[in-house]
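Following: one structure in structure tokens, then a few remarks.
So you know, we letter chains A, B, ... as the sequences are listed, proteins then strands, and number each from 1.
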Amino acid sequence: MSSVDKSLFADLQARGLVAQTTGAGEFERYLDEARTLYCGFDPTANSLHIGSLVPLLTLKRFQLAGHKPIALVGGATGLIGDPSFKAQERSLNSREVVAEWVDCLKRQVSQFVDFDCGGKSAELVNNLDWVGSMDVLTFLRDVGKHFSINNMINKESVKQRIEREGEGISYTEFSYMILQSLDFAELYKRYNCTLQIGGSDQWGNITGGVDLVRRLHGGTAHGLTLPLVTKADGTKFGKTESGTIWLDPARTSPYAFYQFWLNTADADVYKFLRYFTFLGVEDIEGIEAGDKASQEKPKAQSILAKEVTRLVHGATGLEAAERITQALFESSLGALTEADLQQLKLDGLPSSSLRRGELAEKPLTQLLAEVGVAASGKQVKDALGRQAVTINGEAKSLDDNMRTEACFSPDAAYFGRYFLVKVGKKKYHLVDVK
RNA sequence: GCAGGGGUUCCCGAGUGGCCAAAGGGAUCAGACUGUAAAUCUGACGCGCGAGCUUCGGUGGUUCGAAUCCACCCCCCUGCACCA
């Protein structure tokens with residue numbers, strides 16, 4: 001008999017993690033007993049990004065409180081595409097590609113929950129297992145019959161697609177909700193799963209499932225949605241100039257990941273600590289109070305970066321990220337040893353190796369753009385004009401543009417071959433010239 | 001199938017024969033100020049160090065000159081018809 005932590009719901013609320021729940025006031029009492037819950041993740045890429053972090057961590061919070069989590073990977077739903085609050089119809093991915101992504105997500109999702117802890121061990125399922133084998137007639141007669149088009153059309157999540165001039169929605173995407181509802185009913189049957197969690201954009205799909213569980217199995221199921229993560233300045237959370245922040249270290253290095261969190265705005269950081277870490281709410285309030293009281297740079301960002309990086313990339317990933325950060329931002333570049341430089345490369349600092357012969361022909365603008373420190377030569381030019389390009393600590397100017405070879409002269413190299421190129425205040429790139 | 005409305009540079013969105021690499025806003029990048037914040041101000045923002053080059057769904061055409069005009073084609077949306 002595993003005990004359940006009855007303060008879970010209050011904690012979620014204190015963290016601001018509760019957007020909506022079913023069952024009005026009953027919901028908190030419902031969690032007094034050990035439940036089985038699930039959350040779905042659709043394979044829309046070969047990696048999840050930090051947008052999925054909130055539900056992922058919430059599954060873990062439930063597990064820590066004594067509930068049994070199920071992570072569902074949408075091998076079937078990923079073939080359809082969720083229309084919820086999407087402005088446009090999306091193009092379909094091939095079955096092979098989706099199957100590959102399913103495998104990637106399975107691995108990723110697995111690292112967040114515990115699969116070996118007795119009764120509350122997590123499960124990993126793929127909805128293709130039951131949707132893939134269902135025939136059309138069964139689907140239409142046994143499942144479709146329970147859905148009212150009138151009802152579905154009125155869902156807020158598809159309203160703009162239906163009402164907005166110039167856009168539409170295909171039957172394929174419109175059916176997405178039914179598939180997701182079917183998942184819930186299936187998991188109810190298989191695991192007595194009675195709770196689904198998801199982003200607030202999933203509310204319509206979740207309540208659809210709750211209804212289907214009742215109609216198909218006469219059971220009572222619940223739903224909980226998590227808030228959409230927003231930033232105080234109104235820009236989209238989880239994107240930077242270099243694109244999406246992925247959970248896969250091959251796509252976003254632990255260093256870049258760490259830097260992303262370190263750059264969180266003050267206006268958001270305490271909220272993010274509540275969302276993305278397992279630090280107690282009281283501790284977080286303590287940090288906030290401490291930062292407010294002191295006139296110095298707040299501590300919250302570094303705590304956030306540290307905690308989240310460790311959750312996603314483990315102690316080793318965090319160590320690497322901190323090592324690079326310290327080398328680049330805190331100590332002087334000249335203090336780095338050759339081993340340090342090599343380690344930085346291994347740790348995921350962007351780097352490239354060039355042959356000395358390649359340097360002669362190219363202007364800096366072209367070289368640095370090719371290497372990926374800047375999006376285009378124009379940006380390099382702009383930076384050069386403002387003394388914002390630094391090679392091994394030495395600022396370069398527009399005059400140096402055509403003197404690439406001199407900029408990378410062996411005399412200036414660290415250990416005869418390494419150059420740390422900095423463009424702007426934060427972007428570093430290690431060039432290894434052989 | 002018919003009728004009508006659309007497809008512009010990352011996004012939104014102006015532009016209907018030269019003054020258009022294309023208004024404006026957003027996003028993004030760089031600088032100043034800072035704390036590797038925010039706000040603000042400045043600059044950049046198709047590609048190219050540059051001369052210059054390549055764009056406005058596609059292909060042809062008219063014209064000295066086209067994102068803008070014409071023809072055909074592709075795609076999207078709305079309505080009607082067909083089907084049921």
- Query: Out of A/R417, A/R355, A/R356, which one pairs with A/D432 under the salt bridge (Lys or Arg N to Asp or Glu O under 4.0 Å) rule?
  - Reply: A/R417

- Message: Applying a 4.0 Å non-hydrogen cut-off, can you work out what A/E296 is touching in the nucleic acid: base, sugar-phosphate, or nothing?
- Response: nothing

- Report the residues that fulfil salt bridge (charged side-chain N to carboxylate O under 4.0 Å, His left out) with A/E394, sequence neighbours left out, ordered by chain and then residue number. A/K396

- Query: With A/D266, which residues qualify under side chain to side chain contact (heavy atoms under 4.5 Å, CB included), at least two apart?
  - Reply: A/P298, A/Q301

- Task: Starting from the 5' end of RNA chain B, give me the residue, A/P298 or A/G424, whose nearest nucleotide shows up first.
- Result: A/G424

- Task: For A/D11, check salt bridge (charged side-chain N to carboxylate O under 4.0 Å, His left out) against everything at least two apart and list the hits.
- Result: A/R15

- Task: Answer yes or no: is there a side-chain heavy-atom contact under 4.5 Å between A/Q108 and A/S47?
- Result: yes

- B/G60: pairing nucleotide in any strand, Watson-Crick or G-U under 3.5 angstrom: B/C70

- Residues which pass ring pair (Phe, Tyr, Trp, His ring centres under 6.0 Å) with A/F41, listed by chain and number, not counting sequence neighbours: none

Short N/O separations, protein against nucleotides 41-47 of chain B, under 3.5 angstrom:
from: B/G43; atom 1: O2'; to: A/R386; atom 2: NH2; distance (Å): 3.4
from: B/G43; atom 1: N2; to: A/D382; atom 2: OD2; distance (Å): 3.0

- Message: Among residues 392-402 of chain A, which ones have heavy-atom contacts with RNA chain B below 4.0 Å?
- Response: A/N401, A/M402

- Message: Using atom P in both nucleotides, what's the gap between B/A22 and B/A67 to the nearest angstrom?
- Response: 13 Å

- Task: Report yes or no: is there a donor-acceptor pair, N or O only, under 3.5 Å between the side chain of A/K425 and the base of B/U34?
- Result: yes

Determine all donor-acceptor pairs shorter than 3.5 Å in which one atom belongs to a side chain in residues 273-286 of chain A; sequence neighbours excluded.
from: A/R274; atom 1: NH1; to: A/Y270; atom 2: O; distance (Å): 3.4
from: A/T277; atom 1: OG1; to: A/L273; atom 2: O; distance (Å): 2.6
from: A/T277; atom 1: OG1; to: A/L279; atom 2: N; distance (Å): 3.3

- Under 3.5 Å, is there an N or O donor on one side and an acceptor on the other linking the side chain of A/Q259 and the base of B/U36? yes

Collect all protein-nucleotide pairs involving nucleotides 22-27 of chain B in which both atoms are nitrogen or oxygen and the distance is under 3.5 Å.
none

- Item | Summary of side-chain hydrogen bond (donor to acceptor under 3.5 Å, both in side chains) pairs that have at least one residue in residues 49-60 of chain A, sequence neighbours excluded | none

- Which pairs with one or both residues in residues 365-416 of chain A pass ring-ring contact (aromatic ring centres under 6.0 Å, His included), sequence neighbours excluded? A/F408-A/F419

- Message: Going by the rule side chain to side chain contact (heavy atoms under 4.5 Å, CB included), which residues pair with A/S294 if we only count those two or more places apart in sequence or in a different chain?
- Response: A/E296

- Earlier contact from the 5' end, RNA chain B, for A/L262 and A/Q387: A/Q387

- Task: Only counting residues at least two apart or in another chain, list the ones meeting salt bridge (charged side-chain N to carboxylate O under 4.0 Å, His left out) with A/R310.
- Result: A/E307

- Select base, sugar-phosphate, or nothing to describe what A/A388 touches, counting heavy atoms under 4.0 Å on all strands. sugar-phosphate

